[in-house]
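Heavy-atom basis, side chains included; hydrogens, waters and symmetry copies ignored. Just so we're on the same page: letters track the sequence lines, and every chain starts at 1. Here the structure is a predicted model, which means the values were calculated and not measured.
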Protein chains: 2
Amino acid sequence: MSHPGVEATDRKILALLAHDGRMSFTDLGKATGLSTSAVHQRVKRLEQRDLIQGYGATINHAEIGVPLAAFISIRPIDPSQPDDCAARLEHIEEIESCWSVAGEESYVLLVRCTSPAALEDLLARVRAAANVSTRTTIVLTTYYENRPVAGPAADPEA
Amino acid sequence: MSHPGVEATDRKILALLAHDGRMSFTDLGKATGLSTSAVHQRVKRLEQRDLIQGYGATINHAEIGVPLAAFISIRPIDPSQPDDCAARLEHIEEIESCWSVAGEESYVLLVRCTSPAALEDLLARVRAAANVSTRTTIVLTTYYENRPVAGPAADPEA
DNA sequence: CCTGAAACGAGATGGAT
DNA sequence: ATCCATCTCGTTTCAGG
C-alpha cells in the first residue's frame, strides 16, 4: 500500500487545497465527483487528522518591505551544551523556518529582513541567543517557493 | 516612510491572512474595525496588486508519504554554459523551492521525497537535467516552516 | 475610501439511502 | 460513507455619504 489511511480522493483534495486554499467545497466536489457535503466531511476529517495543518496566504515579501532573504547555517560553539537552538531562537521574528540538519552544520534557518544592516543585526541576535557560530548564504533570486509537492501515487487497493 | 502604498490596516489584514488564509471577511472586519465590504475591497486590491500572491493549505508531508526533506546545493559543472538551472529543473516535481544564492554554490533547492532511495534517484535527475554537481543536506527535524514574517512596523505618516 | 442593505451563493447540519 | 434538503452565515454588489 501507499500510505495508511490516505487514499486517492483525499490526495486529490489535498492537492487542490495546497494549490488554492480558498477553494470552495462546491468546487472541490465538482473536481472530485463528490457532493458538497461529502467533501466537506472529508476536509474536516483531514484537518482533524492533522493532514491539513492550516491555511495561509502567500505574501509578496519584497513588496511589503522584507526583500532580503538568507539562509543561516549554524553550529554550536560549545558542543557540550544542550542542543536546544530551536527553542532559543523561536522568539526571533525574522526567522521564517528552522530545521535541524545532518551535515557540517546542525541547523539551517531561513530568515527575511529589510536590509543588509538588518541582517547583520539579526545575525548578532542569533549568535547571542543560541551561542553558535553562523554561516550566511544570501538569496539572490527566488524562482519559486512552497510549490505543492504531491505524495506518492495512490494505489489501487486503498 | 515605511513602504510605498502599504499602510497599517493593509499590513494587519496581510498578517491575519498569512496566519489563517481562510479567515472570513466578516471576521477580518471585526479584527480591523472595518465593515465587511471595506475589508473585501481591500483584500481584492491586495490580490490585484500582487501583495497577496495566493492561498494554500499547509500539508503534513510526513503523513502523506513524503517524510524526507533535503536541501540540494548545486554548482554548474561547466561555468561557460548558460545559467538556466531554474528553468531546467522546473519540471521535477519533488522540488518544492528553488533559490539562486550568493556563496559557494549557485542554487539551493528544497526537495521532498519518500525515501533515501527516492532521494538518490532524484539527485541523479537533478544532475542530469542541469549538468551540475550537488551537495545534499538532509533535514532531520522541521521545527517550524513558513512562519509568517511581518514587514517593518508601519509608520505614522503612511 | 467607507458604510449599509439587499441578493446571492456557500457552509454546516441532520436524517435517509 | 455518501447524498439531499434545509437553515444559517458569509460573500458580493451597489447606491449613497
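In this structure, the CZ atom of F25(B) is 10 Å from the P atom of dT13(D), given to the nearest Å. Taking atom CD of residue Q41(A) and atom P of nucleotide dT2(D), one finds them 7 Å apart after rounding to whole Å. Rounding to whole angstrom units, CG of residue L28(A) and C1' of dC3(D) are separated by 17 Å. Going from atom CG of L34(A) over to atom C1' of dC4(D) covers 14 Å, rounded to whole Å. Whole-Å rounding puts the L17(A) CG to dG11(C) P distance at 11 Å. Nucleotide dT13(C) holds its P atom 9 Å from the NZ atom of K44(A), rounded to whole Å. Separating the CZ atom of R22(B) from the P atom of dA12(C) is a distance of 8 Å, rounded to the nearest angstrom. Between E47(A) atom CD and dA12(C) atom C1' the separation is 13 Å, expressed in whole Å.
Using a 4.0 Å cut-off between charged nitrogen and carboxylate oxygen, E94(A) and R125(A) count as a salt-bridge pair.
Applying the 4.0 Å criterion to OP1 and OP2 of dA12(C), one finds that H40(A) has a side-chain N or O inside that range.
The side-chain heavy atoms of E96(B) and H61(B), taken from C-beta on, include a pair separated by under 4.5 Å.
Both A38(A) and K30(B) sit near DNA chain D, but only A38(A) has its closest nucleotide nearer the 5' end.
Q81(A) CD: more than 12 foreign heavy atoms inside a 6.0 Å radius.
R88(B) forms no cation-pi arrangement with Y143(A), by the criterion of a distance under 6.0 Å to the ring centre and an angle within 45° of the ring axis.
Side-chain N/O atoms of S37(B) and base N/O atoms of dG4(C) include a donor-acceptor pair closer than 3.5 Å.
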